[in-house]
Asks: 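Structure incoming, see below.
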2 protein chains.
Amino acid sequence: MALTIGQVATAADVNIQTIRYYERRGLFPTPRRTPAGYRQYADGAVARLRFIKHAQELGFSLQEIQELLGLRVRHGAACDAVERKTRHKIEVVQQRIRDLQRLKRTLERLAAACTARRPTDDCPILEVLEDHDDIGH
Amino acid sequence: MALTIGQVATAADVNIQTIRYYERRGLFPTPRRTPAGYRQYADGAVARLRFIKHAQELGFSLQEIQELLGLRVRHGAACDAVERKTRHKIEVVQQRIRDLQRLKRTLERLAAACTARRPTDDCPILEVLEDHDDIGH
DNA sequence: TTAAACCCCGTACCATGGTACAGTGTCAAG
DNA sequence: CTTGACACTGTACCATGGTACGGGGTTTAA
């Protein structure tokens with residue numbers, strides 16, 4: 001069951017142009033074509049697009065996403081490299097989570113101060129930086 | 001102790017042009033000027049820049065950062081609005097944390113499969129995504 | 001008092017991640 | 001056998017977040 005680019009675009013809720021753009025960028029495999037030159041996709045294409053969208057929302061660039069998608073286990077080959085990349089990504093993600101948690105705590109303190117009608121510093125959000133500066137970059 | 005734009009830029013490790021760009025965008029307060037028109041900054045400017053850089057790494061746009069920096073409690077007035085905004089930001093941050101935690105689990109599963117040297121199907125990341133897709137937006 | 005090093009402003013340019021448009025070809029229903 | 005919806009390519013354009021450049025004034029230290 002081959003899908004046209006339009007069907008894939010609709011299913012994944014992206015623009016047709018975006019799919020072609022990804023193809024040009026190398027994020028998307030070049031699909032088979034009909035004799036007339038129409039692209040033909042399998043169902044997996046939709047999942048791939050959804051993955052890309054999701055990873056983008058999480059702050060990964062297309063370049064990084066391309067790397068993520070490239071991490072596949074091919075019969076033992078290059079498995080070490082794949083694992084190293086993955087573990088590095090995990091570190092980065094973990095650090096981002098920690099930072100966001102710190103920001104959340106700061107915001108919660110601010111909200112609490114607000115409820116108590118206690119005036120805050122000029123810019124309480126900057127507190128998030130205390131003892132924080134050069135961790136993890 | 002007033003700092004020149006160049007000193008601030010060096011201390012915060014950003015480009016001078018970037019500071020002026022932030023000023024134009026309204027992210028950065030317009031500083032006092034010397035008679036010759038040179039910008040004069042206080043120490044706080046460096047912290048502010050570092051916060052901006054940091055928040056960007058966490059995936060906030062300059063627009064969002066501007067909103068974050070604007071959150072403060074001013075003698076009772078407009079307190080409700082600030083609290084509402086702050087709680088909304090907390091939601092946003094919490095959702096981002098959840099998304100990243102899910103991604104981390106995904107990556108961990110991939111790394112584990114890799115360690116086991118069990119060659120999986122074409123794209124293990126996609127597989128793990130199947131039960132991942134439309135949660136939480 | 002002059003050269004280096006800094007600052008000013010305005011404008012142009014860059015990368016990323018798309019999105020639109022023009023001109024053309026294809027397919028399927030009436 | 002035509003009309004409308006869709007596809008193709010190529011190129012131009014958009015927003016965001018900067019960065020560089022040109023043409024000028026200022027400060028500082030030899």
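Throughout, protein chains are lettered first and strands after them, A, B, ... in sequence-line order, and every chain is numbered starting at 1.
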Asks: Starting at the 5' end of DNA chain D, which residue's closest nucleotide do you reach first, B/Ser61 or A/Gly6?
Replies: A/Gly6
Asks: In the structure I gave you, are the side-chain heavy atoms of A/Pro31 and A/Gln40 within less than 4.5 Å of one another anywhere?
Replies: no
Asks: Kindly work out whether a path of hydrophobic side-chain contacts (I/L/V/M/F/W/Y, heavy atoms less than 4.5 Å apart) joins A/Leu110 to B/Val92.
Replies: no
Asks: Is any side-chain N of the basic residue among B/Arg39 and B/Glu23 closer than 4.0 Å to the acidic one's carboxylate O?
Replies: yes
Asks: Mapping A/Asn15 and B/Arg20 to their closest nucleotides on DNA chain C, which lands nearer the 5' end?
Replies: B/Arg20
Asks: Side chains of A/Gln95 and A/Glu91: is there a donor and an acceptor less than 3.5 Å apart?
Replies: no
Asks: Between A/Pro35 and B/Tyr38, name the one whose nearest nucleotide on DNA chain C is closer to the 5' end.
Replies: B/Tyr38
Asks: Judged by each residue's nearest nucleotide on DNA chain D, which is more toward the 5′ side, B/Gln17 or B/Tyr21?
Replies: B/Tyr21
Asks: Round to a whole Å and report the spacing from CD of B/Gln7 to P of D/dT28.
Replies: 10 Å
Asks: Between B/Arg24 (CZ) and D/dT19 (C1'), how many Å, whole number?
Replies: 11 Å
Asks: CD of A/Glu23 versus C1' of D/dC8: gap in Å, rounded?
Replies: 11 Å
Asks: So does B/Glu57 pair up with A/Arg96, basic N to acidic O under 4.0 Å?
Replies: no
Asks: For DNA chain C, which nucleotides open and close the run of contacts to chain A, 5' to 3', at under 4.0 angstrom from a non-hydrogen atom?
Replies: C/dG17 to C/dC27
Asks: Any heavy-atom pair between the side chains of A/Phe51 and A/Ile65 that's under 4.5 Å?
Replies: yes
Asks: Whole angstroms only, please: what is the CG-C1' distance between A/Leu3 and D/dC6?
Replies: 15 Å
Asks: When you measure from the side-chain N and O atoms of A/Arg39 to the phosphate of D/dT9, is any distance below 4.0 Å, counting only OP1 and OP2?
Replies: yes
